[in-house]
Asker: 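This is the structure I want to talk about, given as structure tokens.
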Amino acid sequence: VQTHLAAIKKLLTASYVKKGCVQLLPKDIRQVRNHLLHQQSGTPNICVENLKLYSMIHVGIYLFLRSEELVNLQYSDLQDKYTVVDVSTGEVLCLVFSVKGKTDDHVHLLRLWANRRHPELCPIIHLLIYIAQSDSNDGWLFPSPTNSTEKYDYDHLLDVMKSLCVDVL
């Protein structure tokens, strides 16, 4: 029996091709942050693009979004009336997005909560800084790097993420 199990295992591992998403741990996200946000760049536009990518990573992780759902987010999906603010400090604690998932019949409201314990991993801090720096308040939340009227290309996002994982991790 052990001989047969060993043969099956050898056969399965020989033809195994890893597919799907890479699992990122908080330490990995910190490394990606350091890579993206501490690069010496020649133009301010590169800084905004890196901040956009880092914000995209966080929004996707914290809201459990598929890449396609992430690139389809628009400013109109931010539901301002549900925003939670600490009145004593003015700190935004929660943003709410309306998202229609791949198999959903209707839109769901998803809450994006601040991470006060680890500000470097806080999706709200980075998203709000990105929004302030992007000089936009309508259309695609994460527009294409080459054309602000078009959404971020799904295939381009996957290529960038693969490249980041190879280069940084």
Asker: Between P143 and L141, what is the shortest heavy-atom contact and its length?
Answerer: CD-O, 3.4 Å
Asker: Checking S55 side chain against H126 main chain: does a donor-acceptor pair fall under 3.5 Å?
Answerer: yes
Asker: Quick check: do C47 and Q133 have side-chain heavy atoms less than 4.5 Å from each other?
Answerer: no
Asker: With a 4.5 Å heavy-atom cut-off, do Q31 and N34 have their side chains touching?
Answerer: no
Asker: Which pairs count as salt bridge (charged side-chain N to carboxylate O under 4.0 Å, His left out) when at least one residue sits in residues 149-165, sequence neighbours excluded?
Answerer: E68-K151
Asker: With a 4.5 Å cut-off on side-chain heavy atoms, are D135 and V48 touching?
Answerer: no
Asker: Examine I61 and W113 and state if one hydrophobic cluster contains both, with Ile, Leu, Val, Met, Phe, Trp and Tyr joined whenever side-chain heavy atoms are less than 4.5 Å apart.
Answerer: no
Asker: First locate atom OG of S76, then atom CG of N137, and finally report the distance between them rounded to the nearest 0.5 Å.
Answerer: 11.5 Å
Asker: Looking at every non-hydrogen atom in both residues, tell me the closest pair between R111 and C94 and how far apart they are.
Answerer: CB-SG, 3.7 Å
Asker: Does one side chain, of S134 or S136, offer a donor that lies under 3.5 Å from an acceptor on the other?
Answerer: no
Asker: Any side-chain heavy-atom pair from V32 and L24 closer than 4.5 angstrom?
Answerer: no
Asker: Could you walk me through whether D77 and V99 pass the side chain to side chain contact (heavy atoms under 4.5 Å, CB included) check?
Answerer: CA-CA 7 Å; D77 294 325; V99 177; 5.9 Å; no
Asker: Step through the shown structure and confirm whether more than 12 heavy atoms of other residues, nucleotides or ligands are within 6.0 Å of OH on Y82.
Answerer: no
Asker: Under a single-linkage definition using a 4.5 Å side-chain heavy-atom cutoff for Ile, Leu, Val, Met, Phe, Trp and Tyr, are V71 and Y75 assigned to the same hydrophobic cluster?
Answerer: yes
Asker: Check for me, please, whether L128 and L37 land in the same ILVMFWY cluster - side-chain distances under 4.5 Å, paths through other members count.
Answerer: yes
Asker: Find out if a path of hydrophobic residues (ILVMFWY) with successive side-chain heavy-atom gaps under 4.5 Å connects W140 to L63.
Answerer: no
Asker: If you apply the rule side chain to side chain contact (heavy atoms under 4.5 Å, CB included), what do you find for F64 with L110, and how did you get there?
Answerer: CA-CA 9 Å; F64 298 97; L110 302 179; over 6 Å; no
Asker: Search all heavy atoms of I129 against all heavy atoms of L51 and return the closest pair with its distance.
Answerer: CG2-CD2, 3.5 Å
Asker: Report, as yes or no, whether the 6.0 Å neighbourhood of atom NE2 on H108 holds more than 12 heavy atoms from other residues, nucleotides or ligands.
Answerer: yes
Asker: Does the ring center of Y130 lie less than 6.0 Å from the ring center of F142?
Answerer: yes
Asker: Which is it for L109 and F97 under the side chain to side chain contact (heavy atoms under 4.5 Å, CB included) test, yes or no, and what are the steps along the way?
Answerer: CA-CA 6 Å; L109 297 179; F97 290 86; over 6 Å; no
Asker: Looking at CD of Q79 and CG of L95, how far apart are the two atoms once the value is rounded to the nearest 0.5 Å?
Answerer: 11.0 Å
Asker: H58 vs Y54 aromatic rings, parallel, tilted or perpendicular, using cut-offs 30° and 60°?
Answerer: perpendicular
Asker: Do L112 and I124 come close enough that some side-chain heavy atom pair is under 4.5 Å?
Answerer: yes
Asker: Report yes or no: do M56 and I131 belong to one cluster of Ile/Leu/Val/Met/Phe/Trp/Tyr joined by side chain heavy-atom distances under 4.5 Å?
Answerer: yes
Asker: What are the two closest non-hydrogen atoms of G60 and L70, and how far apart are they?
Answerer: N-CD1, 3.9 Å
Asker: Using distance only, find each side-chain donor-acceptor pair of residues 116-123 under 3.5 Å and give its atom names and separation, not counting sequence neighbours.
Answerer:
unit_1 : atom_1 : unit_2 : atom_2 : d
R116   : NE     : E91    : OE1    : 3.4
R116   : NH2    : E91    : OE1    : 3.1
H118   : ND1    : R30    : NH2    : 3.4
E120   : OE2    : R30    : NE     : 2.7
E120   : OE2    : R30    : NH2    : 2.8

Asker: Do other residues, nucleotides or ligands put more than 12 heavy atoms under 6.0 Å from the CZ atom of R33?
Answerer: yes
Asker: Could you pull out the closest heavy-atom pair between L36 and N50, with the gap in Å?
Answerer: O-ND2, 2.9 Å
Asker: Taking C-beta and beyond as the side chain, do L157 and M161 meet within less than 4.5 Å on heavy atoms?
Answerer: yes
